Peer 1: 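My questions all concern the structure below.
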Amino acid sequence: MSSFVKVVAALALATAGLQTLAQPKAAPAASEAAAPVKPAAPGQKVLRYAFNAGETGFDPARIVDLYSRIVTTHIFEALYTYDHLARPAKIKPLIADGMPEHSADFRTWTVKLKKGIYFADDPAFGGKKREVTAQDFVYALKRFADPANKSPVVAGVMDQKYVGLAALRDKALKEKRPFDYDTEIEGLRALDRHTIQYKLEEPRPRFIDTLAASDLFGAVAREVVEKYGDAIPAHPVGTGPFKLTQWRRSSLIVLERNPQYREVLYDAEPAADDAEGQALLAKFKGRKLPMVDRVEVSIIEESQPRWLSFLNEQIDYVNVPGEFVNQAAPNGKLAPNLARRGVQLYRTLNADSAFTYFNMEDPVLGGYTPERIALRRALALAMDVEREIRVIRRGQAVPAQSIVVPHTTGYDPKFKSENGDFDPARAKALLDLHGYVDKNGDGWREQPDGKPLTLEVATQPDQLSRQFDELWKKNMERIGVRVKFFPGKWPEQLKAARAGKLMLWTLGSSAAGSDGQGALARLYGPQAGSQNLARFKNAEFDKIYDRMQVIPDGPERDELFDQAKRIAVAYMPYKITVHRFNNDLVQPWVLGYRRPVFWNDWWQHVDIDLARAPAVKK
């Protein structure tokens with residue numbers, strides 16, 4: 001992913017919000033930088049991967065960044081998952097024994113669990129096998145509401161309105177006592193050892209999407225959390241196909257096959273006319289998962305060394321950095337030199353958006369008065385998105401018209417708005433009209449009250465970010481607005497953004513489910529400072545959002561999507577710039593790759609041809 005598209009999808013669109021989160025402490029045994037790296041055993045099938053930003057830890061209740069969540073979705077398992085090959089996306093049971101039962105009003109959901117599913121071995125279990133129970137899902141969800149965890153996704157969890165959960169959280173906050181995990185609430189109940197029931201205050205017709213998020217909502221064993229305490233981010237213990245065996249923070253993450261993983265066989269339901277999906281099913285159907293023994297994830301923040309690592313066969317997969325896409329896939333086709341090597345290209349329009357958010361509480365950019373709205377609209381109109389796509393992204397994106405992303409409900413390719421306009425003349429006219437003029441003759445505009453107007457732009461210290469910074473500078477100089485850049489490591493910028501300390505920042509997100517309402521959470525008042533980084537608050541928008549939550553898909557909901565998108569454009573708390581193409585390259589010895597749509601768990605579905613794979617270079 002590009003350097004500024006770091007969130008869910010670094011931010012999850014369908015299931016989670018964002019909130020201030022301190023950097024978690026890691027246990028030295030798992031993350032000590034000086035610890036020697038244990039090499040792969042001879043004959044092991046190793047998938048070598050690279051992230052372009054550092055992870056934050058592996059406790060589902062305390063993470064939100066994409067990179068940590070890619071790891072946790074391979075360690076933990078939710079009740080449901082997405083069919084690996086189905087297009088359009090299809091949810092199927094994972095730990096659940098069949099699809100959920102729900103009441104006619106979509107307020108009560110009941111799920112049966114399969115029996116005989118066990119957590120990976122861990123000292124917390126005292127040498128005994130530990131079966132997953134319904135109570136593990138109750139406990140895992142309560143952890144998001146526990147104030148002590150400062151969960152960055154608490155707003156998204158509470159938005160589901162589990163009966164009694166808010167009161168339990170409020171009690172802990174009010175009395176300043178430890179969260180009461182032992183009090184049973186009506187909204188989260190283990191009816192028996194293998195049956196869980198959810199009761200919601202309001203209808204949630206699409207609640208099953210939440211139950212299919214293994215990265216956040218997998219089963220968690222209470223005894224593991226209690227054993228490791230503050231070091232839990234370094235000790236993820238789940239039921240999934242892999243387990244964490246080594247971790248050097250922001251350097252190396254190693255997962256190995258979970259020896260206790262049950263027998264799960266490759267199976268899927270691709271569409272009848274899906275030739276690629278049908279071929280993969282025919283090749284792998286019935287194979288035991290995972291097919292690889294080990295996954296090694298390196299953190300390579302700069303694009304050039306990441307690209308060279310792929311060319312030098314040091315990593316097996318790369319999402320081609322924008323500056324190298326013409327070398328890798330000129331005119332959207334695999335370069336002949338790579339084709340001769342057997343490299344595979346997968347090109348797709350992603351369910352994501354890149355955007356700049358404006359802090360609505362900032363004393364310069366924020367607020368709802370006409371002049372502040374005009375300022376944000378002017379800045380948005382001055383952003384040359386076509387040049388961004390052509391020069392920096394090498395044509396690998398399409399202009400965005402709204403906050404809703406492709407492949408999700410509510411996305412309309414025919415929708416057109418001011419969000420997609422580049423019009424410096426109109427931008428200047430807006431600024432002039434509302435008093436943002438050069439009052440002292442220094443060539444730069446001042447605020448209406450005469451104070452300096454300087455944009456404080458958060459950025460990252462990598463080469464690609466510097467290209468975007470240069471474009472920002474040119475765009476703003478064109479309309480007479482001064483900018484100042486504040487570089488910082490991406491995880492640190494994310495923490496500052498959630499705390500409301502940044503004026504504006506450019507980043508992005510990917511959908512975590514098929515419902516486009518997840519994107520609208522960025523504008524929902526109760527999620528201000530969480531998923532709603534801009535801290536936008538508008539009663540009319542919130543009313544629309546609340547209505548959309550409780551009604552089924554249909555014409556009424558489609559109309560509400562349209563209204564919500566237009567409110568977003570009118571107030572401009574976000575300038576949505578593009579939806580990106582992904583150009584994935586996979587080495588010839590990696591078999592079975594297919595880019596997921598809304599989910600990130602694919603490592604268990606690929607195989608390594610050891611006869612073709614090079615020896616792992618250390």
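Since we're looking at a predicted model, the values are computed, not measured.
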Peer 1: Can you tell me if T56 and R62 form a side-chain donor-acceptor pair at under 3.5 Å?
Peer 2: no

Peer 1: Give a yes or no on whether F51 atom CZ has more than 12 heavy-atom contacts from other residues, nucleotides or ligands under 6.0 Å away.
Peer 2: yes

Peer 1: When the ring centroid of F58 is compared with that of F76, is the distance short of 6.0 Å?
Peer 2: no

Peer 1: Checking the side chain of Q517 only, and the main-chain atoms of Y545 only, is there a donor and an acceptor separated by less than 3.5 Å?
Peer 2: yes

Peer 1: Taking the six-membered ring of F179, is the NZ or CZ of R169 close enough (under 6.0 Å from the centre) and on axis enough (within 45°)?
Peer 2: no

Peer 1: If you measure from CD1 on I185 to CG on L168, what distance do you get to the nearest 0.5 Å?
Peer 2: 6.0 Å

Peer 1: Should we say atom CD of E101 is surrounded by more than 12 heavy atoms from elsewhere, each under 6.0 Å from it?
Peer 2: no

Peer 1: Verify the neighbour count for atom NZ of K283: are there more than 12 heavy atoms of other residues, nucleotides or ligands below 6.0 Å?
Peer 2: no

Peer 1: Do NZ/NE/NH1/NH2 and the carboxylate oxygens of D97 and K112 come within less than 4.0 Å?
Peer 2: no

Peer 1: Any salt bridge between D209 and R204, counting N to O under 4.0 Å?
Peer 2: no

Peer 1: Please determine if D105 and R107 form a salt bridge, counting it only when a charged side-chain N lies under 4.0 Å from a carboxylate O.
Peer 2: yes

Peer 1: For residues E77 and T239, is any side-chain donor paired with an opposing acceptor at under 3.5 Å?
Peer 2: yes

Peer 1: Do R594 and D274 meet the salt-bridge criterion of a basic N to acidic O distance under 4.0 Å?
Peer 2: yes

Peer 1: Between the side chain of R376 and the main-chain N/O of Y571, is any donor-acceptor distance below 3.5 Å?
Peer 2: yes

Peer 1: Ring centres under 6.0 Å, that's the criterion: do F137 and Y139 meet it?
Peer 2: no

Peer 1: ring-ring contact (aromatic ring centres under 6.0 Å, His included), that's the test. Do F355 and H579 meet it? Break it down for me.
Peer 2: CA-CA 9 Å; F355 56 84; H579 307 301; over 10 Å; no

Peer 1: Please determine whether side chain to side chain donor-acceptor pair (under 3.5 Å) holds for the pair D601 and Y82, giving the CA-CA distance in whole Å, both sets of side-chain angles, and the decisive distance to 0.1 Å.
Peer 2: CA-CA 9 Å; D601 56 327; Y82 287 92; over 6 Å; no

Peer 1: Nearest 0.5 angstrom please: K565 NZ to L560 CG, how far?
Peer 2: 11.5 Å

Peer 1: Between E418 and R426, is the closest basic N to carboxylate O distance under 4.0 Å?
Peer 2: yes

Peer 1: Counting only heavy atoms from other residues, nucleotides and ligands, does the tally under 6.0 Å from CD of E202 exceed 12?
Peer 2: yes

Peer 1: Do the side chains of D65 and R69 get close enough for a salt bridge, i.e. N-O under 4.0 angstrom?
Peer 2: no

Peer 1: Taking NZ, NE, NH1 and NH2 as the nitrogens, is one of them in E556 or R547 under 4.0 Å from a carboxylate oxygen of the other?
Peer 2: yes

Peer 1: Quick check: F207 with H102 (ring centres under 6.0 Å apart)?
Peer 2: no

Peer 1: Is the NZ atom of K537 crowded by more than 12 outside heavy atoms at less than 6.0 Å?
Peer 2: no

Peer 1: What's the spacing between D546 CG and I551 CD1 if we round to 0.5 Å?
Peer 2: 11.5 Å

Peer 1: Measure from the ring center of Y317 to the ring center of W602 and say whether it is less than 6.0 Å.
Peer 2: yes

Peer 1: Looking at the rings of Y346 and Y593, which for Trp means the six-membered one, are their centres under 6.0 Å apart?
Peer 2: yes

Peer 1: Salt bridge or not for R193 and D136, using N-O below 4.0 Å?
Peer 2: no

Peer 1: Does S353 reach the main-chain N or O of V405 with its side chain, forming a donor-acceptor pair under 3.5 Å?
Peer 2: no

Peer 1: Between S514 and T408, is any side-chain donor less than 3.5 angstrom from a side-chain acceptor?
Peer 2: no

Peer 1: Answer with yes or no whether the side chains of N582 and T348 bring together a donor and an acceptor at under 3.5 Å.
Peer 2: no

Peer 1: Got a donor-acceptor contact below 3.5 angstrom from the D421 side chain to the L381 backbone?
Peer 2: no

Peer 1: Rounded to the nearest 0.5 Å, what separates atom CZ in R206 from atom CD1 in I91?
Peer 2: 12.0 Å

